[in-house]
S.K.: 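If you scroll down you'll find the structure; I have some questions about it.
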Amino acid sequence: VCVCVWILAAPLSSPATQTAHDQLSLELAECGQWAQAVAASEQALLFVLPQFGPESVEYGHELMKLAQLQANAGMLSEAMTNARKARDVLRTHGRDDEVAELTQMLTCL
């Protein structure tokens, strides 16, 4: 039995909020609640983008997580779009293992 509790009192700009949404997305995914996990991951991304920028490795990692969740949720078009973005960002940081994983994911989608 999975029980998820939303306790997000921190402001959106707080690192605690991003961490909470990130953790919530993982918990929801473990419960098989893919659509809700995607929504929580999208909220985490809202923190990462302005904090680190669209070319940061942090943004690439969040996009990768989001793409994986979207694929599991059956949101294949969105997953492909975010997997491509993540691959492009992570490639600029020399993250070869992650780039290979994303390339394989795109092949499977």
Side-chain angles (χ1 to χ4, degrees):
V1 173
C2 291
V3 177
C4 297
V5 178
W6 288 78
I7 303 175
L8 298 172
L12 181 60
S13 60
S14 167
T17 300
Q18 186 271 331
T19 302
H21 281 292
D22 211 25
Q23 185 61 40
L24 180 61
S25 71
L26 295 174
E27 296 291 330
L28 290 165
E30 286 182 20
C31 295
Q33 297 176 350
W34 300 110
Q36 295 90 339
V38 166
S41 183
E42 289 171 337
Q43 290 298 309
L45 198 61
L46 290 176
F47 169 79
V48 171
L49 184 58
Q51 187 74 14
F52 296 102
E55 300 301 321
S56 67
V57 70
E58 292 85 355
Y59 184 63
H61 285 152
E62 288 300 319
L63 280 172
M64 184 175 180
K65 287 187 265 184
L66 178 58
Q68 291 166 334
L69 291 169
Q70 288 170 326
N72 285 321
M75 304 167 70
L76 302 183
S77 176
E78 296 90 337
M80 289 179 71
T81 297
N82 285 316
R84 283 187 192 107
K85 286 181 190 176
R87 183 186 60 190
D88 293 346
V89 169
L90 294 171
R91 183 178 287 142
T92 66
H93 294 281
R95 308 290 248 196
D96 296 336
D97 291 343
E98 292 156 327
V99 169
E101 184 178 342
L102 286 159
T103 300
Q104 183 177 5
M105 179 181 172
L106 286 163
T107 301
C108 295
L109 291 175

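Below, each value reflects all heavy atoms present in this structure, side chains not excepted, and no hydrogens, waters or symmetry copies.
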S.K.: Might you point out which heavy atoms bring Leu106 and Ala83 nearest each other, and give the distance in Å?
M.R.: CD2-CB, 3.8 Å
S.K.: Membership question, hydrophobic clusters at under 4.5 Å side-chain separation (ILVMFWY): are Leu26 and Leu63 in the same one?
M.R.: no
S.K.: According to salt bridge (Lys or Arg N to Asp or Glu O under 4.0 Å), who are the partners of Lys85, at least two apart in sequence or on a separate chain?
M.R.: none
S.K.: Hey, is the main chain of Val99 close enough, under 3.5 Å, to the side chain of Thr103 for a donor-acceptor pair?
M.R.: yes
S.K.: Heavy atoms only: give me the nearest His93-Val57 pair and the separation to one decimal.
M.R.: NE2-N, 3.4 Å
S.K.: If I compare all heavy atoms of Lys65 with all of Asp22, which pair ends up nearest, and what's the gap?
M.R.: NZ-OD2, 2.7 Å
S.K.: Could you tell me which non-hydrogen atom of Ser56 sits nearest to which non-hydrogen atom of Val89, and how far apart they are?
M.R.: O-CG1, 3.2 Å
S.K.: Tell me the closest heavy-atom pair linking Pro50 and Phe47, and the distance in Å.
M.R.: CD-O, 3.4 Å
S.K.: Grab the two heavy atoms, one from Leu69 and one from Ala29, that are nearest each other, plus how far apart they are.
M.R.: CD2-CB, 3.7 Å
S.K.: To the nearest 0.5 Å, what is the distance between CD (Glu58) and CD (Gln51)?
M.R.: 9.5 Å
S.K.: Answer yes if Tyr59 and Leu66 sit in the same cluster of Ile, Leu, Val, Met, Phe, Trp and Tyr residues linked by side chain heavy atoms under 4.5 Å apart, and no otherwise.
M.R.: yes
S.K.: With clusters defined by side-chain heavy atoms of hydrophobic residues (ILVMFWY) lying less than 4.5 Å apart, directly or transitively, does Leu49 cluster with Val38?
M.R.: yes
